[in-house]
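What follows is a short report on a single structure.
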Number of protein chains: 2
Amino acid sequence: MELSERKMKILQAIVRNYLETGEPVGSRTISKYTDLNLSSATIRNEMADLEEMEYIVQPHTSAGRIPTDLGYRVYVDTMMKEKDKEVEELKVNLLEKEERLDQLLKQTAKLLATNTNYASMVSAPSIHQNKLKLIQLSRVNEMQLLAVIVVEGNVIKNTLLDVSEPISEETVLKLNILLNTHLTGLAVEEINLGLITSLKAQAGIHSNIVSDVIDAVAKTIHDDDDLEIYTSGTNNIFKYPELADSSSASELIGAFEEKRTLNELVVKTLAESEETGIKVYIGNESPVSTMKDCSIVTATYDLGEGMKGTIGIIGPKRMDYEKVVDNLKDVMRQLDSIYKK
Amino acid sequence: MELSERKMKILQAIVRNYLETGEPVGSRTISKYTDLNLSSATIRNEMADLEEMEYIVQPHTSAGRIPTDLGYRVYVDTMMKEKDKEVEELKVNLLEKEERLDQLLKQTAKLLATNTNYASMVSAPSIHQNKLKLIQLSRVNEMQLLAVIVVEGNVIKNTLLDVSEPISEETVLKLNILLNTHLTGLAVEEINLGLITSLKAQAGIHSNIVSDVIDAVAKTIHDDDDLEIYTSGTNNIFKYPELADSSSASELIGAFEEKRTLNELVVKTLAESEETGIKVYIGNESPVSTMKDCSIVTATYDLGEGMKGTIGIIGPKRMDYEKVVDNLKDVMRQLDSIYKK
DNA sequence: GTTAGCACTCAAATCTATCGAGTGCTAACA
DNA sequence: TGTTAGCACTCGATAGATTTGAGTGCTAAC
């Protein structure tokens with residue numbers, strides 16, 4: 001059976017209505033609140049067809065219809081097509097300028113959560129393909145060194161190193177020069193064994209410090225342990241009865257706390273990110289199984305210099321996709337303009 | 001009326017039973033499951049007294065009794081007295097050695113949550129009264145400086161400074177020496193206006209960098225914005241029906257997300273921490289109003305060098321206080337031994 | 001002081017009846 | 001042939017009515 005123009009309109013009307021109310025929608029409602037001017041009986045016939053085509057279902061006999069995942073899907077797809085053309089002039093709250101990236105991202109998560117009334121997450125950019133910008137060793141005391149590592153995009157990490165034997169200021173200075181002249185500007189992949197051994201040789205008795213520093217660099221650059229993910233508005237899920245019962249709520253809240261779960265989401269999103277960067281997962285399409293009953297809208301942001309991250313909105317399947325997509329687009333634009341100051 | 005030995009025993013029995021079941025407990029249950037060998041009728045008489053004394057209440061006529069906040073209070077107090085003498089040999093899971101304090105604390109929160117089945121929070125140590133150990137400026141590029149600040153206890157913070165005019169390596173070196181010779185070893189309170197102006201004078205045209213650095217130091221040392229609090233097991237609250245209904249759950253989850261709320265708890269706890277360090281807040285005693293229906297057990301840990309923080313367990317009023325206190329004590333001991341390696 | 005016995009209370013569970021939104025189908029109509 | 005009015009039917013939801021049972025308080029006897 002073909003999805004005629006009219007069926008499409010009816011399906012859209014059903015979805016829209018269901019998004020608002022959360023209640024199954026009946027034929028009479030559609031007949032009244034659309035400009036189709038059809039009687040409820042006609043609508044019923046069409047709805048029977050739509051049900052056969054698996055775009056909608058009845059939760060039980062003698063109830064209205066609700067969209068299936070497939071139904072949502074065609075709704076979202078057509079909507080996204082329209083969105084592409086449209087230049088929205090949406091005025092959402094603005095992100096404040098923030099010199100610290102982590103604060104900015106936290107703020108982003110919060111903003112999205114309050115604007116949309118769904119739960120949000122923002123992953124800190126992964127810095128895989130980044131280049132070293134600066135290595136700075138400082139003597140804290142005789143037996144301890146502080147290594148500060150800065151990579152492209154101004155991501156900074158510190159590590160304290162314990163040294164095996166007392167070390168003087170001059171040695172530290174020499175090591176600094178040695179490391180910086182040879183390592184600055186290099187990407188991790190370029191730091192190979194040959195280079196390392198050569199450096200160690202030049203460092204003489206302090207070769208073990210060189211190893212330690214290089215270890216620290218490696219750890220800094222792909223440290224999956226402390227992958228930062230900021231979340232906000234997790235308690236918004238209580239606003240949607242279909243998610244608020246304790247078992248599903250508990251599962252969801254758990255997933256939000258366990259950053260590992262969210263990380264999967266981030267990884268999968270980054271892997272399949274396309275030009276537009278916005279992707280919608282409905283129900284079972286979700287990359288993480290704990291969110292089968294939700295919809296997830298993700299966007300990939302790119303701050304340049306290889307700093308890519310993921311922003312996600314998680315809500316019920318009947319989320320206001322339009323609003324969410326608009327909000328995401330807007331936030332991305334803002335991030336862009338702030339960060340490329 | 002006096003709280004006789006027998007009444008005390010009955011009260012304890014009521015509380016214990018209620019902790020387990022969460023159901024109002026009746027006279028028959030008590031008469032059967034205690035070694036008092038009293039009939040239910042006698043128990044009833046005693047319970048009537050206990051009710052008059054406001055240690056227990058009936059949720060409604062013809063229901064069993066449940067403890068009031070006051071009832072819990074005397075229960076907890078007597079229990080704590082016994083605990084003090086006892087040397088528990090509790091074997092809970094061990095914290096793994098972790099070089100990074102934040103990871104260790106995250107782990108602590110998780111451990112407590114899984115061991116107790118309640119929600120947990122651990123605040124990173126506040127570093128208020130700490131001394132500067134090291135200031136290190138590095139030139140990232142012509143217009144940017146990286147300031148690394150290390151305080152007692154090896155807490156490290158970085159800030160990027162934009163400078164108004166190009167700066168050379170030598171100037172940076174000079175500034176480093178200037179700042180370190182004058183500031184190292186000082187507590188924040190000791191950095192007064194006089195010192196600052198003198199430093200600025202010596203810095204000449206780069207006086208504004210000095211201000212920036214000192215601002216950064218101040219911000220580092222009492223930065224309430226990014227007070228780190230790690231939480232875990234928030235979804236455990238769904239295990240207790242009295243907290244799981246969506247309105248209270250939402251409120252609690254919200255409080256856990258909004259670190260500001262937890263911060264209040266931390267501040268208040270630190271303010272009134274005593275020698276033992278363990279404190280129990282029952283219901284309305286709670287310092288934060290969103291947790292009126294919960295009990296909170298907090299402990300203050302002290303890693304030396306002024307690094308004090310708070311650990312808290314949040315659960316229903318009918319929490320297993322004994323287990324929680326044991327767990328907290330154990331974790332404190334472990335933290336102590338790990339950190340003072 | 002303790003206990004058995006009994007009337008009483010009240011939340012929770014179970015049952016029953018009613019309501020109404022919504023459907024599918026049929027027959028009539030344009 | 002597509003649309004519509006009409007009607008019987010279904011079934012969740014809501015509201016009362018009824019029953020059940022755990023628990024109480026009180027009294028009288030031990």
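Within every chain, numbering begins at 1; the chains are lettered A, B, ... in the order of the sequence lines, protein sequences first and strands thereafter.
Side-chain N or O atoms of B:K259 include one that pairs as donor or acceptor with a backbone N or O of B:I229 at under 3.5 Å.
Less than 4.0 Å separates DNA chain D from at least one heavy atom of each of the following residues of residues 20-27 of chain B: B:G26, B:S27. Listed by residue number, A:N37, A:L38, A:S39, A:A41, A:T42, A:R44, A:N45 are the residues of residues 31-59 of chain A with a heavy-atom contact under 4.0 Å to DNA chain D.
Listed by first then second residue, pairs satisfying side-chain hydrogen bond (donor to acceptor under 3.5 Å, both in side chains) with a partner in residues 48-60 of chain A read A:K7-A:D49, A:E51-A:R65, not counting sequence neighbours. Annotation: side-chain hydrogen bond (donor to acceptor under 3.5 Å, both in side chains) contacts involving residues 21-35 of chain B, sequence neighbours excluded, comprise B:S27-B:R44.
In this structure, B:E264 has no side chain to side chain donor-acceptor pair (under 3.5 Å) partners at least two apart in sequence or on a different chain. For B:T42, the side chain to side chain donor-acceptor pair (under 3.5 Å) partners are B:S39, not counting sequence neighbours. For A:E251, the side-chain contact (heavy atoms from CB on, under 4.5 Å) partners are A:T290, not counting sequence neighbours. With sequence neighbours left out, the side chain to side chain donor-acceptor pair (under 3.5 Å) criterion links B:E285 to B:R73. Considering only residues two or more places apart in sequence or on other chains, A:T234 meets the side chain to side chain donor-acceptor pair (under 3.5 Å) condition with B:E257.
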Original post:
Can you check side chain to side chain donor-acceptor pair (under 3.5 Å) on B:Y321 and B:S295, steps first, answer last?
Top reply: CA-CA 9 Å; B:Y321 296 97; B:S295 278; 2.8 Å; yes
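Rounded to an integer number of Å, the gap from B:I66 CD1 to D:dG23 C1' is 14 Å. Look at NZ on A:K7: it is 14 Å from C1' on D:dT3, rounded to the nearest Å.
Under a 4.0 Å N-O distance rule, the pair B:D293/B:K317 does not qualify as a salt bridge. Classification of A:E242 and A:R318 as a salt-bridged pair holds, one side-chain N sitting under 4.0 Å from a carboxylate O.
Proximity of A:P287 to A:T269: side-chain heavy atoms (C-beta onward) are nowhere separated by under 4.5 Å. Contact annotation: the side chain of B:I282 approaches that of B:V280 to within less than 4.5 Å [non-hydrogen atoms, C-beta and beyond]. Side-chain contact check for A:N115 versus A:L111: some heavy-atom pair is nearer than 4.5 Å.
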Original post:
Starting at the 5' end of DNA chain D, what dot-bracket string do you get if Watson-Crick and G-U pairs under 3.5 Å are bracketed, crossing pairs use [ ], other-strand pairs use | and unpaired bases use dots?
Top reply: ||||||||||||||||||||||||||||||
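Distance check, rounded to the nearest 0.5 Å: SG of A:C294 to CG of A:L252 gives 4.5 Å.
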Polar atom pairs between nucleotides 15-21 of chain D and protein, under 3.5 Å, N or O only, would you list them?
none

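In the 5' to 3' direction, nucleotides of DNA chain C lying under 4.0 Å from heavy atoms of chain B begin and end at C:dT2 to C:dA11.
With the nearest nucleotide of DNA chain D identified for both B:T29 and A:T61, A:T61 has the one nearer the 5' end.
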